[in-house]
S.K.: 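Pasting in a structure now, in structure tokens, and then I'll have a few things to ask.
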Amino acid sequence: MVSFGVFAPTGYSMIIFYKSYKRHDRTLLSLKSVRHLFPDLELKCLILTDNLIPSQDDLVFLEDLKKLKVDFYTSLKKYNFGNSGAGSAKNGLYFSEGVNKIYKKCIDLQVTGKILMLDEDHFFTTGETINYLLSNNFDLAVGSWPAPPGGQRPSFEPNASILGLTIESMVDVFPVPEREQYVELLWGFEIVDKCKKLGKKIIEIPTRVYTNYGGDGIHTNNINDIKKELSKFNII
């Protein structure tokens with residue numbers, strides 16, 4: 001377990017790249033958790049917007065990101081069906097758009113090496129998850145999350161709120177198809193199974209096994225739960 005405020009292990013690095021769409025308050029808390037635990041890691045954030053003109057919430061969020069020394073980028077949202085897509089096959093569109101745009105931004109910026117892509121409310125309290133990814137080589141790193149029952153299944157169903165990869169190793173996998181399908185199935189077939197066929201190195205994140213987060217954060221969509229956990233660990 002990594003000590004608070006200490007970058008470890010020495011000599012390793014990884015970019016943490018969040019996506020934020022209309023839930024900037026959660027994203028900010030999640031970013032604070034990473035900055036607290038790993039002050040030397042490079043943090044980035046892709047802000048998805050409905051309009052070219054930023055909202056007041058967007059502008060406030062940008063100022064907060066500057067204070068945390070987070071590099072940020074904006075992009076127009078492609079999909080907005082009026083809800084989050086949670087528990088719906090539409091989440092295959094939402095999640096895939098996010099990782100595709102992050103991956104393309106990394107290519108445009110000529111980024112190489114490890115990237116950890118995270119959804120808005122994916123936070124950390126001990127650093128064990130990030131420390132594990134810093135300490136191990138991989139082409140693809142995934143947590144597990146079961147899709148709703150029924151139909152054909154991939155060999156593995158990933159947690160779509162966290163995805164680790166090595167940029168240069170995934171040029172023959174990305175972009176991921178964006179279609180209306182449960183994201184655990186979509187990514188299971190289009191990312192995990194494809195990587196297996198291509199012989200890429202895949203590791204499973206031991207602190208992200210369904211709802212068992214190994215004490216390093218919790219799975220929640222409730223901002224009050226996030227605040228409570230971060231307060232418990234003196235992060236906020």
Side-chain angles (χ1 to χ4, degrees), residues 13-24 26-35 38 41-50 52 54 58 61-62 64-66 68-80 84-85 90-124 129-130 133-134 138-143 145 158-179 181 183-184 186-188 190-192 194-195 200 202-203 205 208:
S13 186
M14 178 171 64
I15 293 175
I16 308 295
F17 213 136
Y18 274 89
K19 178 210 78 179
S20 188
Y21 177 58
K22 292 186 176 181
R23 298 196 292 175
H24 299 334
R26 302 155 188 262
T27 311
L28 186 62
L29 289 171
S30 298
L31 280 162
K32 284 182 176 180
S33 76
V34 179
R35 179 60 80 209
F38 296 91
L41 280 185
E42 185 175 353
L43 304 185
K44 297 182 182 293
C45 184
L46 174 68
I47 304 165
L48 299 178
T49 63
D50 290 323
L52 289 173
D58 292 335
F61 184 50
L62 296 183
D64 289 330
L65 293 181
K66 291 176 184 176
L68 276 180
K69 297 182 180 179
V70 177
D71 298 325
F72 54 85
Y73 315 91
T74 60
S75 179
L76 283 175
K77 192 82 171 68
K78 291 169 64 175
Y79 309 110
N80 182 2
S84 69
K90 287 183 172 61
N91 62 16
L93 296 167
Y94 283 132
F95 280 106
S96 296
E97 176 189 3
V99 295
N100 283 339
K101 286 187 172 181
I102 289 176
Y103 188 85
K104 184 179 185 304
K105 176 55 66 175
C106 288
I107 296 297
D108 292 344
L109 295 171
Q110 298 184 323
V111 169
T112 59
K114 296 177 182 178
I115 299 289
L116 184 61
M117 302 179 181
L118 297 163
D119 213 35
E120 291 97 339
D121 44 21
H122 204 114
F123 68 100
F124 308 90
T129 304
I130 291 175
L133 296 173
L134 286 168
F138 56 83
D139 296 313
L140 177 69
V142 287
W145 194 272
N159 180 334
S161 69
I162 180 169
L163 188 70
L165 52 88
T166 299
I167 290 292
E168 57 268 30
S169 298
M170 301 296 281
V171 293
D172 44 3
V173 176
F174 275 74
V176 181
E178 297 172 13
R179 62 174 178 256
Q181 183 179 19
V183 66
E184 299 86 5
L186 176 62
W187 287 12
E190 299 291 348
I191 299 180
V192 180
K194 187 174 288 187
C195 283
K200 298 187 184 296
I202 304 171
I203 63 172
I205 305 171
R208 291 298 183 267

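Predicted, not measured: the structure shown is a model, and the values here were computed from it. The analysis underlying the following values was restricted to heavy atoms, covering all of them including side chains, and did not include hydrogens, waters or symmetry mates.
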S.K.: Between the side chains of Thr166 and Lys114, does any donor sit under 3.5 Å from an acceptor?
M.R.: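 Short answer, no.
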S.K.: Could you work out, with salt bridge (charged side-chain N to carboxylate O under 4.0 Å, His left out) as the rule, every residue matching Glu120, not counting sequence neighbours?
M.R.: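 Scan of Glu120 (salt bridge (charged side-chain N to carboxylate O under 4.0 Å, His left out), adjacent residues dropped) gives Lys19, Arg23.
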S.K.: Hey, could you give me each pair passing salt bridge (charged side-chain N to carboxylate O under 4.0 Å, His left out) that has a residue in residues 161-177? Not counting sequence neighbours.
M.R.: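 Matches after skipping sequence neighbours: Asp172-Lys200.
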S.K.: So, Asn100 side chain and Pro175 main chain: donor-acceptor pair closer than 3.5 Å or not?
M.R.: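 No.
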S.K.: Once side chain to side chain contact (heavy atoms under 4.5 Å, CB included) is applied, do any residues pair with Asp50, and if so which ones, sequence neighbours excluded?
M.R.: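 With neighbours one apart ignored, the set is Tyr21, Lys22, Lys77, Asn80.
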S.K.: Who passes salt bridge (charged side-chain N to carboxylate O under 4.0 Å, His left out) against Lys105, sequence neighbours left out?
M.R.: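 Lys105 satisfies salt bridge (charged side-chain N to carboxylate O under 4.0 Å, His left out) with no other residue.
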S.K.: With sequence neighbours excluded, what pairs up with Tyr79 under the ring-ring contact (aromatic ring centres under 6.0 Å, His included) test?
M.R.: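 Per chain and number, Tyr79 pairs via ring-ring contact (aromatic ring centres under 6.0 Å, His included) with no residue.
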S.K.: Got a sec, which residues hit side-chain hydrogen bond (donor to acceptor under 3.5 Å, both in side chains) with Thr129, two or more places apart in sequence or on another chain?
M.R.: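 Once residues adjacent in sequence are excluded, the partners of Thr129 under the side-chain hydrogen bond (donor to acceptor under 3.5 Å, both in side chains) criterion are Thr207, Arg208, Asp216.
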S.K.: Tell me every residue that passes ring-ring contact (aromatic ring centres under 6.0 Å, His included) with Phe123, counting only those two or more places apart in sequence or in another chain.
M.R.: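 So Phe123 forms no ring-ring contact (aromatic ring centres under 6.0 Å, His included) with any residue.
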S.K.: Can you name the residues that form a ring-ring contact (aromatic ring centres under 6.0 Å, His included) with Phe124, not counting sequence neighbours?
M.R.: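 Result, ring-ring contact (aromatic ring centres under 6.0 Å, His included) vs Phe124: His122.
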S.K.: Which atom names give the shortest non-hydrogen contact between Glu97 and Leu76, and what distance separates them?
M.R.: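 The answer is OE2-O, 3.9 Å.
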S.K.: Among all residues two or more places apart in sequence or in another chain, which pass the salt bridge (charged side-chain N to carboxylate O under 4.0 Å, His left out) test with Glu42?
M.R.: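 Lys44.
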S.K.: Taking salt bridge (charged side-chain N to carboxylate O under 4.0 Å, His left out) as the test, write out the residues that go with Glu178, two or more places apart.
M.R.: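 Applying salt bridge (charged side-chain N to carboxylate O under 4.0 Å, His left out) to Glu178 gives Lys78.
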S.K.: Please report the closest heavy-atom contact between Ile115 and Cys106, naming both atoms and the distance.
M.R.: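 So the minimum-distance heavy-atom pair works out to CD1-SG, 3.9 Å.
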S.K.: Identify, with sequence neighbours excluded, every residue that meets side chain to side chain contact (heavy atoms under 4.5 Å, CB included) alongside Ile107.
M.R.: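 Side chain to side chain contact (heavy atoms under 4.5 Å, CB included) check on Ile107 returns Tyr103, Ile167.
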S.K.: With sequence neighbours left out, what residues match Asp58 under side-chain hydrogen bond (donor to acceptor under 3.5 Å, both in side chains)?
M.R.: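 Applying side-chain hydrogen bond (donor to acceptor under 3.5 Å, both in side chains) to Asp58 gives His24, Ser55.
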S.K.: Using a 4.5 Å cut-off on heavy atoms from C-beta on, say whether the side chain of Ile15 contacts that of Val111.
M.R.: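 Yes, close enough: below the 4.5 Å cut-off.
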S.K.: Determine whether the side chains of Asp119 and Ser161 contain a donor N or O and an acceptor N or O closer than 3.5 Å.
M.R.: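 The answer is no; no qualifying pair exists.
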